[in-house]
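Working notes, structure below.
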There are 2 protein chains.
Amino acid sequence: MAATMKDLSRETGLGLATISKYFNGGVVREKNRLAIENAVKKLHYVPNEVARSLKTQQTRVIGVVIPELSNAFITSIISSMEDILRKQDYAVIVCDCRSDPKREKEAVEFLLHRRVDGLINMATDATGAHLKAALNANIPVLLIDRLVESLRGKVSAVVIDNAHAAGQAVRKLTELGHRKIGLVLGSPNLYTTNQRLTGYLNALKDAGITPTEEYIRYGNYTMDGGYQAVSDLLKLKDRPTALFVTNFEMTLGTMLALQHSGIRVPEDLSVIGFDKLELFGEIFPDLTLIRQPQLSIGREAANLMLDLLMNRDAVSHRIVTLSTALTEGRSVRACADG
Amino acid sequence: MAATMKDLSRETGLGLATISKYFNGGVVREKNRLAIENAVKKLHYVPNEVARSLKTQQTRVIGVVIPELSNAFITSIISSMEDILRKQDYAVIVCDCRSDPKREKEAVEFLLHRRVDGLINMATDATGAHLKAALNANIPVLLIDRLVESLRGKVSAVVIDNAHAAGQAVRKLTELGHRKIGLVLGSPNLYTTNQRLTGYLNALKDAGITPTEEYIRYGNYTMDGGYQAVSDLLKLKDRPTALFVTNFEMTLGTMLALQHSGIRVPEDLSVIGFDKLELFGEIFPDLTLIRQPQLSIGREAANLMLDLLMNRDAVSHRIVTLSTALTEGRSVRACADG
DNA sequence: GGATGGGATTGAAACGTTTCGCAGCCTGTG
DNA sequence: CACAGGCTGCGAAACGTTTCAATCCCATCC
């Protein structure tokens, strides 16, 4: 049905090699150029990317494996990534693995079969086992948001300064006199969880505060988890006077839990949240929070991947760390206690 | 680097055709089967999907073109679609066109170059001009959420019963005695906008109410648009006593506008919203609203596409209409006026 | 024991490009 | 006028599969 270069060749009387050269930016005699262009129009020729891929051994496809598509933080990263990659004529195949390591591994294999040129992954499996095959296949692998220790030096990554961000938030609270500071973390063993915990502990140490174990809760990065974690914290005999919540969904859960318990922010409790996402910002506009630069994460990731794709020989893997910002709201005040 | 079937052939002493047959489920003598399986393990052979695509003339890739990836309604559809398609070994390339018809057309062409087997589109360009090329290429096209009139009979579609849904919501209000009912629509000329307007007008007619032009507002399906539209409605001398808001973002905007104006729901104003999306359902849990079955939309779309892909000859295009449901909350009450 | 038949196996061509090495042509110079 | 040298164009092979028609092998039957 569709026209091929062979048809162009017949139509113009030129050799296949000449036609190919024309499409790849080679120099072609003026009259031949015109002849080809006419033939292209006449026959509605479009190059067959599949055939090109077979011959050139590159598909111009990037595989993206993420834990969850229905997550605003992730989609805004993907969206900015896809934008840049497509402009460079790279397609993006997205695989949502529902935070399931088994599915994640299958997704990687699926993409490898398709011979993607590169892989971008927000890792669910912290051991990195799912990426072995990709490394064997010798394609560039780029982690986003979460580092995988066992892969250090073998892959590139774009992350944020988690520990610093958490430290900044907690320090803000200690400076205002808070000593009983609740922390709501994501799932245990996740890179970001650990890093944010480290930042929290460091800030407490700097303020000479001994951490209280029962103030540290895990909310699995879900709204319900956050709700539950905060509800539990409120039940403690010796309640925290301030809260640092380490992602968007849990911050939402936190605010609901507080609303339902009739606890006022900041009068009764100071709160620092995480991630300002489009719509949500308007609902609790006065929240003090840590902002992640989603768009930059996507942009950096896309550009870094393009870089890796260009200089396949230069095996030096880079880790890009982006900084967060603390946005001041009105959800924090000096500690009223003792 | 990577092993090919030729290597397997050499290793096992079998012909290429036999190896191929084995992989495509053909019958192979027991000892040959074993020989092949051993060779596969030994050489770490993985089939090259690109070469297969070239030969079989199908890529097992579905292109998906949407107006916006950072939109929870859309991503939950995509997520359920991708799940089903990948299980059938189809990959999904997502293109976000930022609600820009020009980009939309480019995206379609991009995907066509890549020889996708089918196209799923939530159309930005209501004229359908961007899909001409896809129809010429003779690949199945499936619209979701929005019908395109000019393509009727040429493409399949999965939509919801917009007019019925809107009618149901508005009828609920008229039955409670409301006669001044504000309507907040999306962008003009969008399929869903028109259909929902139709449902509204029908319901008014049934109740013997003459529509008031200034009660009908366009909020462009954005939160800000909804906020603005509702703020304007509140400024009217003869305010509506009830509101029907026709998507999720605008419903959010509506609730904020009402909160800021100190208007109580339902005491001062009855409200029916649209779309219950994960997180935000919890923030306004008592809203009466129309629920769209996102997951079913995705599922139906995926299955319908698979169907189209199987029976390429049967050109009968189907339009699947899914029903919505009215979820009762506490944001509606009988009209206090007159 | 040889013919028959049927299933497994095979070689070769094809899918639509890119690329390599070589041939052809033209221009300008000695 | 012949020849060197630089472009441009060409044929053919290759990328890794699938598939067709033909062949082969083996068991069965007469």
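Proteins get letters first, then strands, A, B, ... in listed order; numbering begins at 1 in each.
Here B:Ala39 pairs with B:Leu8, B:Glu11, B:Thr12 under the side chain to side chain contact (heavy atoms under 4.5 Å, CB included) rule; sequence neighbours left out. Scored by the side-chain hydrogen bond (donor to acceptor under 3.5 Å, both in side chains) test, B:Arg114 finds no partners at all (sequence neighbours excluded). B:Asp145 is linked by a salt bridge (charged side-chain N to carboxylate O under 4.0 Å, His left out) to nothing, counting only residues two or more places apart in sequence or in another chain. The salt bridge (charged side-chain N to carboxylate O under 4.0 Å, His left out) check on A:Glu37 picks up A:Arg33, with sequence neighbours excluded.
Under 3.5 Å, the side chains of B:Tyr221 and B:Thr192 contain a donor-acceptor pair of N or O atoms. A:Ser79 and B:Arg98 share a side-chain donor-acceptor pair at under 3.5 Å.
Rounded to a whole Å, the CG atom of A:Asn24 is 5 Å from the P atom of C:dT18.
A 4.0 Å heavy-atom criterion places the boundary nucleotides of DNA chain D facing chain B at D:dG16 to D:dT19, written 5' to 3'.
Contact detail for B:Leu112 and B:Ile139: the closest heavy-atom pair is CD1-CD1, 3.7 Å.
Against DNA chain D, the stretch residues 30-54 of chain A makes heavy-atom approaches under 4.0 Å through A:Asn32, A:Leu54.
Among the heavy atoms of the strands lying under 4.0 Å from B:Thr4 are primed sugar atoms or P, OP1, OP2 only; no base atom is included.
Without hydrogens or angle criteria, B:Asp117 side chain to B:Gln58 main chain gives no donor-acceptor distance under 3.5 Å.
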